[in-house]
Amino acid sequence: MEIPKQYNPASIEDKWYSTWMEKGLFRSVPDGRESFTVVIPPPNVTGVLHMGHMLNNTIQDVLVRRARLQGKNACWVPGTDHASIATEAKVVNKLHEQGIEKNSLSREEFLKHAWEWTDKHGGIILEQLKKLGASCDWERTKFTMDDDMNRAVTNVFIDLYKKGLVYRGVRMVNWDPKAQTALSDEEVIYRETPSRLFHVRYQIKDSDQTITIATTRPETILGDTAICVHPEDERYTSLIGKTVFVPLVNREIPIIADEYVDREFGTGALKVTPAHDVNDYNLGIKYNLPVVDVIASDGTMSAAAQLYIGRDRFDVRKQIVKDIDAAGQLDKIEDIKNNVGYSERTDAVIEPRLSMQWFVKMEVLAKPALDVVNEGKVKLHPAKFINTYKYWMENVKDWCISRQLWWGQRIPAWYDNTGDVVVAANLEGAMAEFAAKGKNVTAAEIRQDEDVVDTWFSSWLWPITVFDADAVIKNPADFNADLKYYYPTKDLVTAPEILFFWVARMIMAGMEYCGDIPFSNVYLTGIVRDKQGRKMSKSLGNSPDPIELIEKFGADGVRLGMLLTSPAGNDLPFDESMCEQGRNFSNKIWNAFRLVKGWTVEDKEPTQASREATAWFGSHLAATIAEVDDLFSKYRISEALMTLYKLTWDDFCAWYLEAVKPGFEQSIDRETFEATIGYFEDLLRLLHPFIPFISEEIWQYLREREDDNLLIVNHMPKTVAADAKLNAEFDLIREVIAAVRAFRNDKGLSPKEALRLSCKSRSASNQLPFDAVLFKLANLEAIDYVSEKPEGTLAMLVRTEEIFLPVGEISDPEAEREKLQKELTYTEGFLTSVEKKLSNERFVSNAKPEVVAMEQKKMQDAVQRIKVLKEQLEALV
RNA sequence: GGGAGUUUAGCUCAGCUGGUUCAGAGCAUCUGCCUUACAAGCAGAGGGUCACUGGUUCGAACCCAGUAAUUCCCA
């Protein structure tokens, strides 16, 4: 079989993905094994794969594939999120392009369009995940707006309402007066806009004095209910507690003091308009101020304004300034720039507006969710996020769950003509509820709340409802078999920015509805950024297309590229060159495979070098596996990968294979060959979670395999005990070999020219370890054990081993002397510092005995080195 | 404005309980090699005021305080 020199991923990846699928190897059903469950953070149903998904899902796949190889019943549940705001906005835009406006459609008509859109674009992202190699159980694919998921949302809303945890309340929303709708924060665009800052004098009651405030929105003066100053602002302390008159309408309002006020801005006195500014609203709550709502939903002045009723707020802004000036209360006008919010959709200036919304009380729910993290039942990786989590949970605010949208689960609240409200799953239920209140209301008199719930109100149930959507109304004993088996899930992989929105709430829902945590570990990824450190986004166009990357570097290459330098919680400045490194690694393994595959095997005695290398690699492999296990247990996935990368590239390819490799056109003995294949298999097992495709491909051709012997469902290497002494000895020999190579490099000698190496610090009865490997890889013709430096050699020190290599004559003795002298000076300095330390009584009495012993060893080594260096210097003369 | 984090080689990051010759790894760079698996490669080398200032300690990249830069979350 002719194997190409370069690994070509394209055909291989599709082949293995279909094989795995056909054989149902991603499928999981409950059985007697330990479960290992991961639920995907559901991506937007109509979204396309971006680099953030790539990182996130690669990590999940690594964890899942590793668990599978550890013999666990691995179950990775995929799915998508209906993403109400994002999806609705996309549908609205698409309809707009077709000349259809949302407000010309009925709710039902609009939803029909939305479903069409969802059916057309939904699931693209899941298909893309397959290209990446994601080993999800696709038969379990869920959507947050599946019927059973909707049912769960309604049931939870009703349940929380009955428990008194859902209530209606007033909240400040971003109001678009043109579209007549509330907008989410994401839909408001802030732009620096030239504005004018008007300084207006308010008359103080029973006094000749006035107080001057500065405002960019003078029309809201009519809604003022207080003036606020900083309590330590000496200009105003005497005025605190007095009252002033609102200009033009002469309403009497108090002067209050709060540290919120910025003394530097404007005049240092702030008008407080709770109905039309978020900060003012909060001040209003704090000081129990009345709310005067002077702007109507269409942006005109309301009756409460008393003046200018029905006129647009911007006309009124001009007019009121004139009127205030006429009243002699306008102090001055400044030109400034300030940030004004505009509607993303209509470009109208956003008005903060109070409106009735649904809320979830969080305090009761947050408590257990905080406890399980504090107690370490749910672990965050990296742990630094615990601080943020705690801070948020201890200061948790009620959750506004209503959204003025149509795409999503409609709020199961029903109103009669009087505005009285009941909560029920459907109209019949609502009528029954009203009847229970003693009200006789007909179906025609009842209307359902127009709003839908926040998207997170469905996804906070995700780890429960993907298995048993009706669990939220069941006792744990009645949960279905899936939920009982798979819940709690093990690892959740997600981005830190949704730690609160999603992760915290899932923990709350899990505790509330299953009485147990939803997952044991939360792995928080970083944000994928471009080289300039900017977040990757569609609008910047700085995000590479993941599918193109996969085509260029192979899925394995891209997976490595994503993981090589992305420790948990750290941002990942993405660069294609990392995928290149990943691809190169694939190629390296491929060529190791080519080498091994090309060997002819014979029944004969192994060489001494092969025996030594085989013994060492077995022991080193064992040590590395232990190290990798430890790193995984700490979720240091990048480091685990780097450890395996070095094990494969350096230890296996550069050292082991070079040591056992037969000469040109020579055969290899069976024993070494079998050991090599075995080691190669172990490497593939270890690497499979990271590079599933190439590892499976090589696995199949490394030996004759039965049809169903696939690596994906094989097992992790059986661990043996590592021999630390052996490994340390090999490290020494590596250094000796490196020294010989460096010597050659330095002296311009060809690697083909065999050298005679002499060693002083050992004897024939105490030889260097691994001398056959040394002999082969350093290309020696002999190893002599000597008591004196042989003539015509150059001495070198490797740790405490003194070795000599022949040099016809030293080409540049001066440079040699300088080098030695430099090292001698350094070592003497080092010795001095160690001696100083050891003669310090406080060190000797305070430091741990091991540390002192270590220092003594250091001192002895240094003395020895100095002695050798001095001898070498003398020999130079 | 409130809170949390980060700052170590050109880049991305390790450095765990303060103590191994502790200042590390990968990539990049430089030098020499087309050495019969691999130039997507091999061998070797250089590269750091551990952000700054002060403190604690026998001893600080690590602990404490302050300063600066920067990122994120909430407002």
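Only a predicted model underlies this, so the values are computations on that prediction, with no experimental measurement involved. Below, read A as the first sequence line, B as the second, and so on, with proteins coming before strands; counting in each chain starts at 1. Just so you know, these numbers use all the heavy atoms, side chains as well, and skip hydrogens, waters and symmetry mates.
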* Could you label the plane-to-plane angle of the F690(A) and F632(A) rings as parallel, tilted or perpendicular, counting under 30° as parallel and over 60° as perpendicular? => tilted
P spacing across the pair rA9(B) / rG5(B), given as an integer number of angstrom | 22 Å
Examine rC38(B): is either OP1 or OP2 under 4.0 Å from a nitrogen or oxygen in the side chain of Y7(A)? Give yes or no.
no
Margin query: Just checking F680(A) against F652(A), ring centres under 6.0 Å apart?
Written below: yes
Notebook entry, point to check: C1' atom, rA28(B) versus rU12(B): distance in rounded Å?
Noted result: 11 Å
With a cut-off of 6.0 Å (strictly less than), are more than 12 heavy atoms of other residues, nucleotides or ligands near CD of E841(A)?
-> no
Between R594(A) and rA37(B), does any side-chain N or O lie under 4.0 Å from OP1 or OP2?
no
Against the side chain of A654(A), the closest entry in rA43(B), rG19(B), rA25(B) is rA43(B)
- Message: Need one value for R741(A): base, sugar-phosphate or nothing, where a base atom within 4.0 Å counts as base even if backbone is also close, heavy atoms only.
- Response: sugar-phosphate
> Aromatic rings F501(A) and W456(A): how do their planes relate, parallel, tilted or perpendicular, breaks at 30° and 60°?
Replying inline: parallel
Counting just side-chain N and O atoms, does N387(A) come under 4.0 Å of either OP1 or OP2 of rG5(B)? yes
Q6(A) (side chain) and rA40(B) (base): donor-acceptor pair under 3.5 Å:
yes
Worksheet item: rC72(B) phosphate, OP1 or OP2: any side-chain N/O from W392(A) under 4.0 angstrom?
Response: no
Exercise for the section: Output yes when at least one side-chain N/O atom of K5(A) is less than 4.0 Å from OP1 or OP2 of rA39(B), else no. Expected result: yes
In Watson-Crick or G-U wobble terms, with both distances under 3.5 Å, the base opposite rC30(B) is rG44(B)
Distance test, side-chain N/O of K661(A) to OP1/OP2 of rA37(B), below 4.0 Å:
yes
query = Is the phosphate of rC42(B), meaning OP1 or OP2, less than 4.0 Å from a side-chain N or O of K588(A)?
reply = yes
